[in-house]
Amino acid sequence: MSTYINYKLGNLLLSLGFVLCLFSCQTPEKTSMEQASAKPNVLFIMSDDHTTQAFGVYGSRLASLNPTPVLDELGKQGMVFDQVFCNNSICTPSRASIMTGQYPQTNGVLDLDGSLPVEKQYLPTEMKKLGYQTAIIGKWHLKEEPAAFDHYEVLPVQGKYFDPEFRKQGEGSWPDNLVQYEGHSSDIITDLSIEWLKNQRKADQPFFLMHHYKAPHDDFEFAPRYADYLEDTQIPEPGSLYEQPDFGSEATRGKNDSLIHRIGTSVSNRHPYRSYVEQYEISNPETKEATSKAYQEYLKRYLRCVKGVDDNLGRLFDYLKENGLWENTIIIYTGDQGFMLGEHDYMDKRWMYDESMRMPFIMHYPPMIEAGSRSQAIINNTDFAPTMLALAGGEKPGYMQGNSFASVLEGNDEGFDQQSTYYRYWMHLMHHDVPANFGIRTKDYKLIFYYGLPSDMNTIGKKAMGWQDESYTIEQTPAAWEFYDLSKDPEELHNRYNDPAYQETIAKLKEQLRQKREALNETDENFPHIQEVIEAHLND
């Protein structure tokens, strides 16, 4: 793939060289066109839990609220990707896959307890080999020191929204190298990135900067200046917040809905110990009006955090434009996963439903990407690192499992022939009571298997979290399949697993799922209790 990119860039350089010859007598200073002839800078921007529903450019039910004008404009000037997915919808594993180009069982980061040592921080290591100055600023969430970067200033674990501390390279030994700033984290992270670009970036090197916001992660603590934003607006509500009779399975609802109050934390008061009706102390909790009030509060807080991110990106982009860096910088914007905004009466992420596993993804690079373009290529977050390396003039290392989709940037979706994406969530009933599951998603179909077991059998019967009601423990939940025809049911409201019309399709998907798990080192040889359940159901 790098040969293809080098060929394209070579032609671009020849054209730019001709233009420069015509105008070289005008000024001895380095022009933006000359900068464009060098290796491109790479700015990778990632927010925490920013889902595609909370954009204008993705055309969701919230688009009319215009929550992301800066990001929408970036998409209009570049390429918007509609089919980008994480392989594990939780912060730490998703970030590890982006950093390594590997799936969780290969890089070893399965859940929130995972960490990424310096020898596995492959993306900055490979970018440095290609001559890049590297930095990461903002959320890291991978525990170990990000020592593979030339510079880092990162939040400890999740970090705080207000007056946050950062662990800063050069301020002592990790993890005690703490500095603190006053203000809101979105503002501060933007300030720190601009300061690095202004005062620490080396003019004779291309840069690779990972700029990561904490927002809009819950508990959605927005900057005070946004307190009135959307205050008098009625936020559109998803129909599935209230009614979804054909959704789910015995794994997510229980036999005869016996687990309906146990599985999946909620907006309504359906879930007994974590719901937004309870958290926001809504009166008359049993009513539809209470659920609506909780949803409105939830979304307004969330979108105020999103607004803070979007406004700050306006500041960051203005700096790039004012300092001749806009044309020669590949800008990538994404979230570390999706997020449930009340769909199916769920909060948080973790689920394999599209709202949770789909990642926003926008790329801007004028020398290569046509303005207003859009891609339907199926992409996984393990593909990010190989793509950035290809655009930087490198080759994909053999240890990376993802693949470069650089050809897609020239409008060639067919050149990236990935027919499906694999997903796996490990944290059985932890935090938000989502059962462990895995599955496969193609363009038109989704097949999910809930195996209902933790990876460690010793956790069965132990308390899931200290703040839970003592009556709730980690237990085995029913194993079951769910199948959705996305071409007819994009909101995943009707589980068609038992529909005779789909049995041939389901059988093919099961075989694809088996093959993909083996190819990606995602089988369960180290977890025989899970393997036994899986084998018993793959042939049912």
Side-chain angles (χ1 to χ4, degrees), residues 49 86-94 104-105 109-114 158 217-218 244 247-279 337-340 343-353 355-357 423-439 448-482 492 495 522 524 526-534 536-537:
D49 295 342
C86 61
N87 57 49
N88 189 344
S89 183
I90 193 70
C91 299
T92 308
S94 179
Q105 286 197 56
V109 182
L110 307 181
D111 52 36
L112 289 176
D113 289 330
Q158 185 59 247
H217 192 280
D218 70 358
Q244 42 186 342
F247 167 73
S249 62
E250 190 171 317
T252 56
R253 302 173 68 100
K255 190 172 184 179
N256 298 319
D257 280 354
S258 59
L259 293 176
I260 199 71
H261 298 292
R262 175 68 170 95
I263 302 296
T265 53
S266 57
V267 177
S268 75
N269 74 330
R270 173 182 55 78
H271 197 276
Y273 69 80
R274 190 161 185 180
S275 76
Y276 281 125
V277 164
E278 177 187 36
Q279 183 171 330
Q337 61 257 324
F339 207 67
M340 307 300 293
E343 298 87 2
H344 307 299
D345 190 27
Y346 290 144
M347 62 162 81
D348 200 67
K349 52 261 186 180
R350 303 162 194 266
W351 298 100
M352 197 183 160
Y353 307 120
E355 294 90 353
S356 173
M357 71 178 289
Y423 181 89
R424 175 76 177 265
Y425 176 71
W426 291 82
M427 298 180 67
H428 179 65
L429 297 189
M430 296 292 285
H431 302 278
H432 287 272
D433 280 0
V434 177
N437 66 87
F438 62 77
I448 310 171
F449 179 59
Y450 293 91
Y451 55 90
L453 285 166
S455 58
D456 180 4
M457 283 293 285
N458 292 326
T459 63
I460 292 182
K462 292 183 180 179
K463 298 294 181 292
M465 288 292 290
W467 46 262
Q468 269 187 211
D469 185 290
E470 290 186 1
S471 64
Y472 284 92
T473 59
I474 300 177
E475 71 265 9
Q476 183 172 355
T477 53
W481 292 91
E482 293 181 14
E492 298 168 276
N495 179 11
E522 285 292 317
D524 293 280
N526 297 324
F527 310 99
H529 64 291
I530 296 176
Q531 195 173 49
E532 181 179 354
V533 173
I534 293 170
H537 286 81

Could you state the interatomic distance from [atom1] ([X]) to [atom2] ([Y]), rounded to the nearest 0.5 Å?
X: Lys349; Y: His217; atom1: NZ; atom2: NE2; result: 3.5 Å
X: Leu429; Y: Arg262; atom1: CG; atom2: CZ; result: 5.0 Å
X: Met357; Y: Arg350; atom1: CE; atom2: CZ; result: 16.0 Å
X: Ile90; Y: Met430; atom1: CD1; atom2: CE; result: 10.5 Å
X: Glu355; Y: Glu492; atom1: CD; atom2: CD; result: 6.0 Å
X: Tyr425; Y: Ser89; atom1: OH; atom2: OG; result: 9.0 Å

Please verify the inter-ring angle class for Tyr346 with His344; under 30° counts as parallel, over 60° as perpendicular, anything in between as tilted.
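Ring orientation of Tyr346 relative to His344: tilted.
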Can you tell me if [X] uses its side chain to pair, donor with acceptor, with the backbone of [Y] under 3.5 Å?
X: Asn88; Y: Leu110; answer: yes
X: Ser258; Y: Lys255; answer: yes
X: Tyr353; Y: Met340; answer: no
X: Glu482; Y: Ser249; answer: yes
X: His428; Y: Glu475; answer: yes
X: Arg270; Y: Ile260; answer: yes
X: His529; Y: Pro454; answer: yes
X: Gln337; Y: Cys91; answer: yes
X: Asn437; Y: Pro435; answer: yes

Would you check if [X] and [Y] make a side-chain contact, meaning some heavy-atom pair closer than 4.5 Å?
X: Val434; Y: Thr252; value: no
X: Phe339; Y: Asp348; value: yes
X: Asp218; Y: Met347; value: no
X: Glu278; Y: Pro272; value: no

Report the C-alpha distance between Glu522 and Asn87 in whole Å, list the side-chain angles of each, state the deciding distance to 0.1 Å, and finish with yes or no for side-chain contact (heavy atoms from CB on, under 4.5 Å).
CA-CA 11 Å; Glu522 285 292 317; Asn87 57 49; over 6 Å; no
What are the two closest heavy atoms between [X] and [Y], and how far apart are they?
X: Leu453; Y: Ala436; answer: O-CB, 3.4 Å
X: Ser275; Y: Asn269; answer: OG-CA, 3.8 Å
X: Cys86; Y: Ser94; answer: CB-OG, 4.1 Å
X: His271; Y: Tyr273; answer: CE1-CE2, 3.1 Å

So among Phe449, Tyr451, Phe438, which one has a ring pair (Phe, Tyr, Trp, His ring centres under 6.0 Å) with Trp481?
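Answer after filtering Phe449, Tyr451, Phe438: Phe449.
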Residues, nucleotides or ligands: over 12 heavy atoms within 6.0 Å of Asn256 CG:
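Atom CG in Asn256 is not packed in, count stays at 12 or less.
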Any residue meeting side-chain contact (heavy atoms from CB on, under 4.5 Å) with Asp524, in chain and number order, not counting sequence neighbours:
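In terms of side-chain contact (heavy atoms from CB on, under 4.5 Å), with neighbours along the sequence ignored, Asp524 is linked to Gln105, Arg424, Trp426, Arg517, Phe527, Ile530, Gln531, Ile534.
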Thr265 vs His432, test: side chain to side chain donor-acceptor pair (under 3.5 Å). Steps then yes/no.
CA-CA 5 Å; Thr265 53; His432 287 272; 2.7 Å; yes
